[in-house]
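This report concerns only the one structure given below.
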There are 2 protein chains.
Amino acid sequence: MSSARQPAPTRPTSRDVARAAGVSQATVSLVLGGKWRGRVSTSTAERVRGSARELGYRPNFAARSLRMGRTRTALLVVPALTNEFFARVYTGAAAVAAEHDFGVVLYPSPDGTGPARDPFASARAALDGVIASSMAADALGALRGAELPLVMLDSDPEDHGAAARVNLDIADGMRQVTEHLLGLGHRRFTHLASAVDTWTFAVRARALREAVESVPGAVLHTVTAPLDVTAGREAAEKILSSPGPLPTALVCDDDILAAGACKAVRRRGLRVPDDISVTGFDDLALATAVEPELTTVRLPAEQVGERGMTALLDVLEGRRAEPGDLPVRLVARGSTAPPPRA
Amino acid sequence: MSSARQPAPTRPTSRDVARAAGVSQATVSLVLGGKWRGRVSTSTAERVRGSARELGYRPNFAARSLRMGRTRTALLVVPALTNEFFARVYTGAAAVAAEHDFGVVLYPSPDGTGPARDPFASARAALDGVIASSMAADALGALRGAELPLVMLDSDPEDHGAAARVNLDIADGMRQVTEHLLGLGHRRFTHLASAVDTWTFAVRARALREAVESVPGAVLHTVTAPLDVTAGREAAEKILSSPGPLPTALVCDDDILAAGACKAVRRRGLRVPDDISVTGFDDLALATAVEPELTTVRLPAEQVGERGMTALLDVLEGRRAEPGDLPVRLVARGSTAPPPRA
DNA sequence: GCCTCGACGTTATACGTAAAACCCCGAGGT
DNA sequence: ACCTCGGGGTTTTACGTATAACGTCGAGGC
């Protein structure tokens with residue numbers, strides 16, 4: 001069956017480079033490792049680098065990390081990559097990692113379906129650290145146990161146990177939304193909230209409530225829904241068919257829910273934003289794809305990934321990761337307008 | 001500064017397990033490797049497994065792959081994760097990989113921005129194989145050079161050089177779209193095509209052209225645009241403002257473009273689908289978020305990933321990967337209707 | 001009684017790298 | 001003349017695993 005042994009096109013090793021350059025393997029390691037100043041002459045170093053380039057030498061990663069005990073690999077734990085926000089977080093983290101010759105491996109926790117597997121089983125190599133979204137609830141337990149440097153994304157500042165934390169100024173975002181709507185004249189709000197119980201959403205709820213309560217005569221109701229378009233539409237339909245005066249503004253925890261809400265409004269024969277204003281959160285691609293385009297809060301997702309990775313690198317190097325929330329910005333578009341004269 | 005040396009909470013090694021079980025390290029390796037039948041007694045094997053479990057032993061991945069020369073890691077090369085389609089491909093591939101104790105690491109090729117980096121630089125470990133989308137054009141060159149088992153996704157069947165191939169039956173999808181529209185009575189088509197020049201899009205164009213040409217009196221124009229909502233809208237606006245009779249159906253290469261096209265139609269004061277029908281491709285979440293919901297072709301993205309990974313595993317085991325295109329299905333929704341009487 | 005043989009292990013080795021420990025040699029000090 | 005010192009390397013070792021090669025011991029054949 002399989003008898004033909006290949007002519008072994010094995011990758012060149014540091015020893016091959018050494019042979020080619022006429023030095024020992026150790027010298028190659030020193031030169032390529034960058035710590036040769038004062039130990040190897042410049043000319044020899046240059047010769048070694050030349051041979052390495054010629055042979056197309058690439059250090060064997062397994063050997064290196066076996067020797068060093070560090071893998072230059074981080075685990076990013078997110079709920080699901082199909083959520084554009086987290087795909088962008090990954091992109092940002094991977095970009096910073098690449099600059100520092102680091103790798104990022106993913107653990108998208110199996111959302112509902114499938115067994116809640118060990119987040120570390122997905123990591124091929126041993127890990128140097130972990131970056132985890134607080135929304136990946138099912139994996140957080142195992143993460144605490146491990147003695148790994150942990151950077152939390154968008155998690156409760158009160159909750160210690162992480163080496164660093166990267167947060168968005170969600171509260172400010174929600175305040176901007178509310179002030180925008182109040183400024184337009186809205187007084188009857190309904191909060192279409194995510195059913196997921198995590199810090200970010202709790203903050204949204206609180207900031208909205210506080211902003212509304214500070215205005216005499218303004219009222220706020222709340223309805224929750226899972227994070228998908230259909231669920232958002234159904235929840236909004238329930239709102240619109242409940243007795244009493246309709247809200248004039250639907251404040252949604254997420255663009256997905258907002259898209260669903262818009263559909264519900266129109267199915268009721270009403271118009272967005274003429275009859276009811278709708279706001280989203282996140283500024284996904286979706287926000288400008290629907291009509292009217294959504295007034296929403298732009299979250300710098302890539303920056304979250306970048307800062308997360310940077311913080312992890314800081315922790316690994318023994319530096320202190322600088323804190324500070326990332327600012328967010330209201331993007332006013334077509335889904336909000338003054339309430340109807342009524 | 002950093003003087004306190006930790007009490008070394010190093011992970012237990014196979015030697016620790018050996019000590020605990022009162023055997024040699026080799027025996028531990030045999031037992032845990034599963035090839036102990038006839039070499040180790042059942043009772044000893046059981047004892048070893050017990051100690052391993054107690055100590056929480058997890059084999060050192062770096063050491064293992066150094067010894068074995070295989071890393072049980074595959075590289076998935078895609079254009080961008082923020083494209084929902086590829087996020088789903090990843091999800092499918094990762095799921096199958098996990099079942100076989102394999103890992104998947106990503107190379108999302110930097111779309112335009114940033115230097116076109118070496119796809120292998122992102123791979124921490126040496127790789128056992130590669131799965132690559134034909135849309136990741138910038139990385140394909142380097143992939144050819146490497147002597148790695150390569151599985152291509154959605155690539156030209158004529159193009160040899162891959163060990164296996166996983167394709168969607170794109171042509172059939174486009175035929176379904178065209179027949180749906182022809183059946184509704186449409187005769188004037190414009191193809192809003194992706195500006196990206198890859199096999200999938202070439203197939204879409206050909207299938208559409210052939211299907212339209214087979215009907216006497218049916219006409220087809222083509223306009224291309226980059227894959228984003230705004231570009232789609234602008235391209236569609238150009239179509240709608242060009243002289244001559246307007247098309248009654250806009251066939252788009254992608255849901256993103258279709259969403260943009262819908263916006264263009266309405267900006268012109270026309271309605272979808274009453275005045276102009278619009279079709280998409282992919283069935284992204286977007287398709288049901290916009291209004292009207294898009295008639296589109298559902299692509300089994302997760303299955304593409306699953307089949308891709310399965311094929312790679314087959315190749316690695318020396319098995320023959322079974323070929324066969326994945327079927328796709330038209331999903332008729334609200335963006336298509338009979339053309340206006342006119 | 002000697003040889004064989006299978007069952008059950010053990011000892012030894014190699015994978016490719018980083019880095020500690022060592023070595024050699026010529027210049028400079030006394 | 002002898003010792004020191006530092007520049008420019010080399011030798012050696014260890015990382016944790018998989019596995020080839022090697023023992024040992026008791027039963028069974030002749």
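This one's a predicted model, so the numbers in the text were calculated from it and none came from an experiment. A note on names: the letters A, B, ... follow the listed sequences, proteins ahead of strands, and every chain is numbered from 1.
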**Study point:** Separation of D:dT19 P from B:Leu32 CG (nearest whole Å)
**Key:** 13 Å
Check your understanding: Got B:Tyr107 and B:Leu76 here, is their nearest side-chain heavy-atom distance under 4.5 Å?
Key -> no
Practice item. Please name all residues satisfying salt bridge (charged side-chain N to carboxylate O under 4.0 Å, His left out) with A:Arg319, sequence neighbours left out, ordered by chain then number. Key: A:Asp314
Review point. For A:Asp159, which residues count as a salt bridge (charged side-chain N to carboxylate O under 4.0 Å, His left out) partner, sequence neighbours excluded?
Key: A:Arg144
Review point. Quick one: do the A:Ser134 and A:Asp154 side chains pair a donor with an acceptor below 3.5 Å?
Key: no
Point to revise | Residues which pass side-chain hydrogen bond (donor to acceptor under 3.5 Å, both in side chains) with A:Ser24, listed by chain and number, not counting sequence neighbours | key: A:Thr27
Practice item. In whole angstrom, give the distance that lies between atom CZ of B:Phe61 and atom C1' of C:dC15. Key: 14 Å
Check your understanding: How would you label the contact of B:Ser29 with the nucleic acid (heavy atoms, under 4.0 Å): base, sugar-phosphate, or nothing?
Key -> base
Revision key, fill the gap. When rounded to whole Å, the CZ to P distance for the pair A:Arg70 and C:dT17 reads 20 Å
Review point. Over how many whole Å does the gap from A:Leu66 atom CG to C:dA14 atom C1' extend?
Key: 12 Å
Review point. Which ones in residues 33-54 of chain B lie close to DNA chain D, meaning a heavy atom under 4.0 Å from one of its atoms?
Key: B:Lys35, B:Arg39
Check your understanding: Could you state the CZ-P distance from B:Arg15 to C:dT10, rounded to the nearest angstrom?
Key -> 13 Å
Check your understanding: Applying salt bridge (Lys or Arg N to Asp or Glu O under 4.0 Å), which residue pairs with at least one partner in residues 45-54 of chain B are found, sequence neighbours left out?
Key -> B:Glu46-B:Arg49
Study note, to complete from the structure: Between CG of A:Leu30 and C1' of C:dC22 the distance, given in whole Å, is 14 Å
Point to revise | Interface with DNA chain C, restricted to residues 17-28 of chain A and to heavy atoms under 4.0 Å | key: A:Gln25, A:Ala26
Between side-chain atoms of residues 305-313 of chain A and protein atoms elsewhere (two or more places apart, or another chain), which donor-acceptor pairs fall under 3.5 Å?
{"unit_1": "A:Arg307", "atom_1": "NH2", "unit_2": "A:Gly324", "atom_2": "O", "d": "2.9"}
{"unit_1": "A:Thr310", "atom_1": "OG1", "unit_2": "A:Glu306", "atom_2": "O", "d": "2.8"}

Exercise for review: Not counting sequence neighbours, which residues clear side-chain hydrogen bond (donor to acceptor under 3.5 Å, both in side chains) with A:Arg165? List them please.
Suggested key: A:Ser155
Practice item. Nearest whole angstrom, please: distance from the P of C:dT17 to the CZ of A:Arg58. Key: 12 Å
Point to revise | side-chain hydrogen bond (donor to acceptor under 3.5 Å, both in side chains) partners for A:Asn167, two or more places apart | key: none
Review point. Could you state the CG-C1' distance from A:Leu55 to C:dG16, rounded to the nearest angstrom?
Key: 15 Å
